[in-house]
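Please read the structure below before turning to the comments.
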Amino acid sequence: WLLARAAGFDAGFALHTSLGVIHEHGMSEAILQTIHAWETARMSGAFSESQKRRLQDIRQEFHLEASGANAWNLYPVDSSKHTLAQQVQPGQPTEITWELNNPHGEQTLQFILQVSGGAPVSDMTLQIDGAGEIAIPVTLQPGNILKYSGEEQGAVYDKSWNKVEKVTLNTSELTIGPGKHAIRFGCRFSTADQPEVKLEFRSVGEPENLRRGASAH
């Protein structure tokens with residue numbers, strides 16, 4: 001989000017961290033590589049004026065990755081964020097249905113699921129448009145994050161994004177087409193210690209090809 005805004009306004013920014021934080025955080029290398037890709041593309045004039053205007057829009061999100069020497073792919077990303085708190089007695093199933101709009105083509109739905117509060121969350125399921133129920137076969141501890149990026153397996157991370165384990169999901173039931181969809185999420189909270197689940201659903205559009213100095217043409 002920040003790097004897209006910086007590219008849109010052709011602006012620098014400051015980050016504060018420490019070697020200790022960098023060594024402890026499981027995504028440090030990926031974050032630094034992402035910063036390098038965005039800043040190299042920005043300073044080499046790879047973004048067109050029309051792309052910069054879209055990157056300035058705080059309601060839009062993007063993903064950038066290198067595609068070769070002095071070349072990048074810019075992907076539009078649609079992000080939908082939701083929260084589910086415990087609504088019933090501890091140990092009873094809790095479920096909710098959200099509406100999701102996919103402005104892009106058919107693809108496997110990606111999501112990031114994070115548990116807060118002081119209790120584990122288990123028996124998690126997803127269901128898209130009333131089709132087959134998808135079991136998420138893992139119990140997440142407080143602070144755990146489950147990230148699924150469209151492959152056969154997702155990964156569980158601790159609160160510092162260090163990988164804990166892999167999780168296999170039935171990807172055939174996670175396909176969505178363009179347009180609106182009903183996404184039902186269910187889970188079981190084990191205690192009444194204010195547990196909460198945060199879910200972010202993501203869909204990705206077709207890439208735009210960028211190259212060094214393209215904005216000058």
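These figures come from a predicted structure and were not determined experimentally. By convention here, the first residue in the shown sequence is residue 1.
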With sequence neighbours left out, the residues meeting ring pair (Phe, Tyr, Trp, His ring centres under 6.0 Å) with Tyr157 are Trp161
Residue list, side chain to side chain contact (heavy atoms under 4.5 Å, CB included) with Asn70, at least two apart or on another chain:
Arg212
Decide side chain to side chain contact (heavy atoms under 4.5 Å, CB included) for Ile136 and Thr125; before the verdict, give the C-alpha distance in whole Å, the side-chain angles of both, and the deciding distance to 0.1 Å.
CA-CA 6 Å; Ile136 303 176; Thr125 59; over 6 Å; no
pair Ile176-Leu100: side-chain heavy atoms closer than 4.5 Å
yes
Taking it one step at a time, do Thr17 and His25 satisfy side chain to side chain contact (heavy atoms under 4.5 Å, CB included)?
CA-CA 11 Å; Thr17 186; His25 199 285; over 6 Å; no
Rounded to the nearest 0.5 Å, the CD1 atom of Ile145 sits from the CD1 atom of Ile112 at a distance of 8.5 Å
Pairwise distance OG(Ser28) to CG(Asn162) - rounded to 0.5 angstrom:
8.5 Å
Going by the side-chain hydrogen bond (donor to acceptor under 3.5 Å, both in side chains) test, which pairs reach into residues 166-177, not counting sequence neighbours?
Gln153-Thr168, Asn170-Ser172
Sequence neighbours excluded, the answer for side chain to side chain contact (heavy atoms under 4.5 Å, CB included) partners of Val167 is Pro137, Val138, Leu146, Val156, Leu169
Any sub-3.5 Å donor-acceptor pair from Gln56's side-chain atoms to Gly8's backbone N or O?
yes
How many angstroms lie between atom OG1 of Thr94 and atom CG of Leu84, to the nearest 0.5 angstrom?
6.0 Å
List the residues meeting ring pair (Phe, Tyr, Trp, His ring centres under 6.0 Å) with Phe111, not counting sequence neighbours, and say none if there are none.
Tyr148
What's the verdict on side chain to side chain contact (heavy atoms under 4.5 Å, CB included) for Leu109 and Ile128, showing C-alpha distance, side-chain angles and the deciding distance?
CA-CA 10 Å; Leu109 179 64; Ile128 301 175; 4.2 Å; yes
With a 4.5 Å heavy-atom cut-off, do Lys52 and Glu49 have their side chains touching?
yes
Distance-minimising heavy-atom pair for Ser122 and Thr139
CB-OG1, 3.5 Å
Single-linkage hydrophobic cluster Leu2~Leu55, side-chain heavy atoms < 4.5 angstrom
yes
When clusters are formed by joining ILVMFWY residues with side-chain heavy atoms under 4.5 Å apart, either directly or through shared neighbours, do Leu15 and Trp38 land in the same one?
yes
Salt bridge (charged side-chain N to carboxylate O under 4.0 Å, His left out) partners of residues 135-156, not counting sequence neighbours, each pair once
none
Verify whether one side chain among Lys81 and Ser79 offers a donor that lies under 3.5 Å from an acceptor in the other.
yes
Does Asn102 have any side chain to side chain donor-acceptor pair (under 3.5 Å) partners at least two apart in sequence or in another chain, and if so, which?
Ser203
Taking it one step at a time, do Asn73 and Asn209 satisfy side-chain hydrogen bond (donor to acceptor under 3.5 Å, both in side chains)?
CA-CA 5 Å; Asn73 285 328; Asn209 304 123; 2.7 Å; yes
Residues forming a side chain to side chain contact (heavy atoms under 4.5 Å, CB included) with Leu210, sequence neighbours excluded
Ala46, Phe47, Gln51, Leu64, Trp72, Leu74
May I ask you to test the Thr83-Glu196 pair for a side-chain heavy-atom distance under 4.5 Å?
yes
Using modelled atom types and a 3.5 Å cut-off, is there a donor and acceptor pairing between side-chain atoms of Thr40 and backbone atoms of Ala37?
no
Considering only NZ, NE, NH1 and NH2 on the basic side and carboxylate oxygens on the acidic side, decide whether Glu208 and Arg54 come within less than 4.0 Å.
yes
Side chains of Arg184 and Gln127, donor plus acceptor under 3.5 Å:
yes
Salt bridge (charged side-chain N to carboxylate O under 4.0 Å, His left out) contacts touching residues 11-30 (sequence neighbours left out):
none
Ion pair present between Arg202 and Glu200, side-chain N to carboxylate O less than 4.0 angstrom?
yes
Given side chains that start at C-beta, do those of Val115 and Lys198 come closer than 4.5 Å, heavy atoms only?
no
Gln110 and Gly150 have their tightest heavy-atom pair at CG-N, 4.0 Å
How many angstroms lie between atom CD of Glu95 and atom CG of Leu126, to the nearest 0.5 angstrom?
11.5 Å
Side-chain heavy-atom pair His104, Asp78 within 4.5 angstrom cut-off:
yes
Indicate yes or no: at least one non-hydrogen side-chain atom of Leu113 is less than 4.5 angstrom from one of Val197.
yes
Closest heavy-atom contact between Ala4 and Phe62?
CB-CD1, 4.2 Å
When rounded to the nearest 0.5 angstrom, what distance separates CZ in Arg5 from CG in Asp57?
7.0 Å
Side chain to side chain contact (heavy atoms under 4.5 Å, CB included) partners of Ala182, counting only residues at least two apart
Thr97, Asp129
State, with a plain yes or no, whether a side-chain heavy atom of Leu3 is found less than 4.5 Å away from one of Thr34.
yes
In the single-linkage hydrophobic clustering (I, L, V, M, F, W, Y; side-chain heavy atoms under 4.5 Å), do Met27 and Ile35 co-cluster?
yes
Note, Arg42 side chain near Asp10 side chain (heavy atom, < 4.5 Å):
yes
Other hydrophobic cluster members with Tyr75, side-chain heavy atoms of Ile/Leu/Val/Met/Phe/Trp/Tyr under 4.5 Å, chained?
Val77, Val204
Shortest non-hydrogen contact from Pro142 to Ala119?
CG-N, 3.4 Å
Identify, with sequence neighbours excluded, every residue that meets ring pair (Phe, Tyr, Trp, His ring centres under 6.0 Å) alongside Trp98.
His82
